[in-house]
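Note sheet for the following structure.
Letters go in sequence order (proteins before strands), and every chain restarts at 1. What you see below is based on every heavy atom in this structure, not just the backbone, and it leaves out hydrogens, waters and symmetry mates. Treat the numbers as computed from the prediction; the structure is a model and nothing was measured.
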2 protein chains.
Amino acid sequence: MGKKNRHFHILKLIESVNVESQQAMLDELSSQNIEISQSTLSKDLKELGIIKIRGKEGRFRFVQTKERELFHVGLMLKKELLDFLTDSILVQNFLVLKTVSGNASGLAKCLDEIGWKEIVGSVAGDDTILVITQNEQDAKSVMSRLDEIISSR
Amino acid sequence: MGKKNRHFHILKLIESVNVESQQAMLDELSSQNIEISQSTLSKDLKELGIIKIRGKEGRFRFVQTKERELFHVGLMLKKELLDFLTDSILVQNFLVLKTVSGNASGLAKCLDEIGWKEIVGSVAGDDTILVITQNEQDAKSVMSRLDEIISSR
DNA sequence: GTGTCTTATTGATTCACATGAATATTGCCT
DNA sequence: AGGCAATATTCATGTGAATCAATAAGACAC
């Protein structure tokens with residue numbers, strides 16, 4: 001069972017079951033045949049941006065912080081969604097992004113969430129995204145930021 | 001420069017420039033500051049399913065085979081798109097797949113292209129895919145195939 | 001503060017993957 | 001067939017990620 005899948009299960013876990021400690025999580029995961037050590041779990045939680053808080057009645061809960069969700073979105077952009085980007089064209093203060101068919105909307109949403117300040121908004125079809133910026137400078141900036149991420153893959 | 005990005009450039013290359021040998025490719029790539037050995041290129045081409053054929057006038061060309069494009073789609077499903085799958089629900093001969101918002105269409109297209117025989121067709125919205133099969137048995141089969149891929153990530 | 005339960009970090013290890021040099025194989029021309 | 005150019009494969013190596021055991025650090029009750 002891979003790491004990604006384990007993360008998926010951990011996220012499910014903190015939403016549904018009431019776990020109050022990492023040990024409880026380990027037990028739950030174990031019952032799903034996911035056997036990991038406490039140190040690995042601790043790192044997983046860190047990666048996922050999950051923290052422990054004290055809810056009502058003094059009970060503990062684990063929740064995912066917004067910052068880290070965003071961090072996660074950033075990773076997603078880097079590792080996955082950009083694989084579907086096939087072309088980018090600069091047109092004045094617009095950036096036209098071409099993607100593998102069907103993936104424009106997903107990539108556009110991701111760009112939205114990441115909230116780069118240069119981007120005013122975007123419209124997505126099936127395989128094309130129109131990214132709108134205030135001026136040509138900003139459009140260029142977005143393009144180079146994307147290029148940078150892409151070439152590091 | 002990562003492998004994925006290199007693959008991207010190689011695919012671009014065989015569409016635009018007329019390269020008739022791996023050596024020519026290496027030179028082209030080199031002019032883009034991508035320096036790799038011939039053995040690495042050979043492996044890249046294999047992964048991408050690119051073969052050498054003799055076109056008109058006896059000139060050689062490199063093209064991507066359909067089989068390998070499909071293989072690539074399979075990898076994409078495995079490595080990337082399935083990350084956006086958050087839930088799957090079996091309803092008689094339907095499978096309802098929930099995804100991260102915006103990614104339903106991309107995943108559905110991928111499933112279409114992969115052409116599993118159990119799948120009659122699919123409809124995708126923003127975050128939901130309805131996969132239609134002939135009967136409950138087929139729907140179950142699709143679900144377990146997806147599960148298998150997911151848990152191996 | 002002390003002790004205990006919980007979580008984070010460190011250090012060592014393993015493992016998979018990517019790569020290039022060297023070599024083998026293939027395919028083609030004569 | 002022989003020989004050459006192009007491509008594929010093998011083998012050894014390096015690198016980074018993932019993991020766990022052990023330990024440190026932190027939180028909290030008393």
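- With hydrogens and angles left out, the side-chain atoms of Lys98(B) and Thr86(B) include no donor and acceptor closer than 3.5 Å.
- Put simply, CD on Glu47(A) is 12 Å from C1' on dT19(D), counting in whole angstrom units.
- Following rounding to the nearest Å, Ile51(A) (CD1) and dT7(C) (P) show an atom-to-atom distance of 13 Å.
- The structure places CD1 of Ile14(B) at 6.0 Å from CD of Gln64(B), a figure rounded to the nearest 0.5 Å.
- Which of dC20(D), dT19(C), dG20(C) sits closest to the side chain of Thr40(A) comes down to dC20(D).
- Between the NZ atom of Lys4(A) and the C1' atom of dT19(D) there is a distance of 18 Å, given to the nearest Å.
- For Phe62(B), taking side-chain heavy atoms from C-beta onward, the closest of the listed nucleotides dC28(D), dT19(C), dT7(D) is dT7(D).
- Taking for each of Lys43(B) and Ser21(B) the nucleotide of DNA chain D with the nearest heavy atom, the 5'-most of the two is the partner of Ser21(B).
- When rounded to the nearest whole Å, the span between CG of Leu48(A) and P of dA8(C) equals 13 Å.
- Listed candidates were dT19(C), dT9(D), dT9(C). Nearest to the side chain of Ser39(B) is dT9(D).
- The nearest whole Å value for the distance from the CG atom in Asp27(B) to the C1' atom in dA6(D) is 14 Å.
- Under 4.0 angstrom from either OP1 or OP2 of dA5(D) there lies no side-chain N or O belonging to Gln22(B).
- In this structure, Glu20(A) atom CD and dT6(C) atom P are separated by 10 Å, rounded to whole Å.
- Within the 4.0 angstrom heavy-atom criterion, no nucleotide atom of any strand lies near Leu41(A).
- The side chain of Lys46(B) contributes no N or O atom lying less than 4.0 Å from OP1 or OP2 of dA8(D).
- Put simply, NZ on Lys3(A) is 16 Å from C1' on dC17(C), counting in whole angstrom units.
- Counted by atom type alone, Gln92(A) and Glu136(A) present zero donor-acceptor pairs between their side chains at under 3.5 Å.
- Closest to the side chain of Arg6(B), from the set dT19(C), dT7(D), dA8(C), is dT19(C).
- Expressed to the nearest 0.5 Å, how far CG of Asp126(B) lies from OG of Ser101(B) amounts to 3.5 Å.
- Residues Val96(B) and Ile129(B) fail the side-chain proximity criterion, which asks for heavy atoms closer than 4.5 Å.
- Rounded to an integer number of Å, the gap from CD of Gln38(B) to P of dA8(D) is 8 Å.
- Here Leu45(B) lies out of heavy-atom contact (under 4.0 Å) with every strand.
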